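Report on one structure; see the data block that follows.
All of these numbers come straight from a predicted model, not from anything done at the bench.
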Amino acid sequence: MPKLVDPAVSFHESWVEAKGEWPDGHQDGSGIRPGDRFETTEDFEAWIKRLTLPADPAMLFSGVQVTANRFWIVENETYLGAIELRHVLTPLMLDAVGHIGYNIRPAARRRGIATWALKSILPHASSIGLTRVLLTCDEQNLPSARTIEKNGGVLEDVRSTELGVKRRYWIELGRDIYTVAP
């Protein structure tokens, strides 16, 4: 059974293995920024310290510090992906990014893990005072669109943004959605 955990050095080997599954290394919701290093345990530990800061300096958008909570999706001792909850939205984030970003490593996809993780993060969003959350995905990313819709996401629009064409969904918090099993 998967679970959400705080980023931890104990997942270094599994995380590096997962990172190798992405051709370009980009993982939505992971907190990876240009210049981050992960090869050694010391590099990885320094990166995790930045990820877990209450105000990660890398989360400065258009001069606005964006507080975020990051969780890793793990099963046993295996890293499966990450999910990030952003507390506020800048204009760019409102247009193209949203409150929540997530990724599932390619080897763990098609098991319902993204659907489970999104459902699991929604109570956290409610606990910080959000009444609804915005999620976006690339227009052609139909698996992500289905994940959002399964969690109650209502399509607001599809628009061109500076990050490409995005589907924009809102999820109202505090309402019941179906039970998700991974």
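Classification of R167 and E139 as a salt-bridged pair fails, no side-chain N sitting under 4.0 Å from a carboxylate O. Salt bridge K19/E17: absent, no basic N to carboxylate O contact under 4.0 Å. Comment: E21 does not engage R109 in a salt bridge, judged by the lack of any side-chain N to carboxylate O separation of less than 4.0 angstrom. Note on R50 versus D36: salt bridge recorded, some NZ/NE/NH1/NH2 to OD/OE distance being below 4.0 Å.
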Apply side-chain contact (heavy atoms from CB on, under 4.5 Å) to residues R168 and R159 and explain how you reach the verdict. CA-CA 8 Å; R168 297 175 68 256; R159 66 173 68 166; 2.9 Å; yes

The test is side-chain contact (heavy atoms from CB on, under 4.5 Å); show your working for N103 and W22 and say whether it passes. CA-CA 11 Å; N103 73 75; W22 277 275; 3.3 Å; yes

Between R37 and W47, is a side-chain contact (heavy atoms from CB on, under 4.5 Å) present by the stated rule, with each step listed? CA-CA 7 Å; R37 300 186 55 84; W47 177 64; over 6 Å; no

For R70 and I83: C-alpha separation, side-chain torsions, deciding distance, then whether side-chain contact (heavy atoms from CB on, under 4.5 Å) applies. CA-CA 6 Å; R70 294 187 182 100; I83 191 162; over 6 Å; no

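Atom CG of residue N69 and atom CD1 of residue I128 lie 6.5 Å apart, to the nearest 0.5 angstrom. Expressed to the nearest 0.5 Å, how far CD1 of I73 lies from OG1 of T78 amounts to 13.0 Å. Here Y169 contributes atom OH and I148 contributes atom CD1; the two are 6.0 Å apart, rounded to the nearest 0.5 Å. Annotation: the span from I121 atom CD1 to E84 atom CD amounts to 9.5 Å, rounded to 0.5 Å. We find the CG-OH distance between L85 and Y102 to be 14.0 Å, quoted to the nearest 0.5 Å. The CD atom of E77 sits 6.0 Å away from the OG atom of S10 when rounded to the nearest 0.5 Å.
V88 places none of its side-chain heavy atoms less than 4.5 Å from the side chain of T67. Contact of the E162 side chain with the L92 side chain is registered, since non-hydrogen atoms from C-beta on lie closer than 4.5 Å. The shortest side-chain heavy-atom distance between W116 and N151 does not fall under the 4.5 Å cut-off. Looking at heavy atoms from C-beta onward, L122 lies in side-chain contact with I100 at the 4.5 angstrom threshold. Looking only at side-chain heavy atoms (C-beta outward), C137 and R146 stay at 4.5 Å or farther from each other. Within the 4.5 Å cutoff, the side chain of L94 has no heavy atoms near those of the T90 side chain. Two residues are said to be in side-chain contact when any heavy atoms from C-beta on lie closer than 4.5 Å; D43 and F38 fail this criterion.
Scanning both residues, P2 and L80, for their nearest heavy atoms gives CB-CD1, 4.4 Å. Shown here for A114 and I104, the closest heavy-atom pair between the two residues is CB-CG1, 3.7 Å. Taking all atoms of both residues into account, the shortest heavy-atom contact from E75 to R111 is OE1-NH2, 2.6 Å. Closest approach of L163 to A96, counting heavy atoms only: CD1-CB, 3.9 Å. When every heavy atom of Y79 is checked against every heavy atom of V74, the shortest pair comes out as CA-CG1, 4.1 Å. In plain terms, the two heavy atoms of I48 and A8 that are nearest each other are CD1-C, 3.3 Å.
Side-chain N or O atoms of S126 include none that pairs as donor or acceptor with a backbone N or O of L173 at under 3.5 Å. The closest donor-acceptor contact from the side chain of H99 to the backbone of V133 lies at 3.5 Å or more, if one exists at all. At distances below 3.5 Å, not a single donor-acceptor pair connects side-chain atoms of H12 with backbone N or O atoms of E42. Side-chain atoms of N141 come within 3.5 Å of backbone N or O of S144 as a donor-acceptor pair.
At most 12 non-hydrogen atoms from other residues, nucleotides or ligands lie less than 6.0 angstrom from CD of E13.
By the 30° and 60° cut-offs, the orientation of the rings of W15 relative to F44 is tilted.
Side-chain heavy atoms closer than 4.5 Å link hydrophobic residues (I, L, V, M, F, W, Y) into clusters, and following such links, possibly through other members, connects V165 to L135.
In this structure, F71 has its ring center closer than 6.0 angstrom to the ring center of H124.
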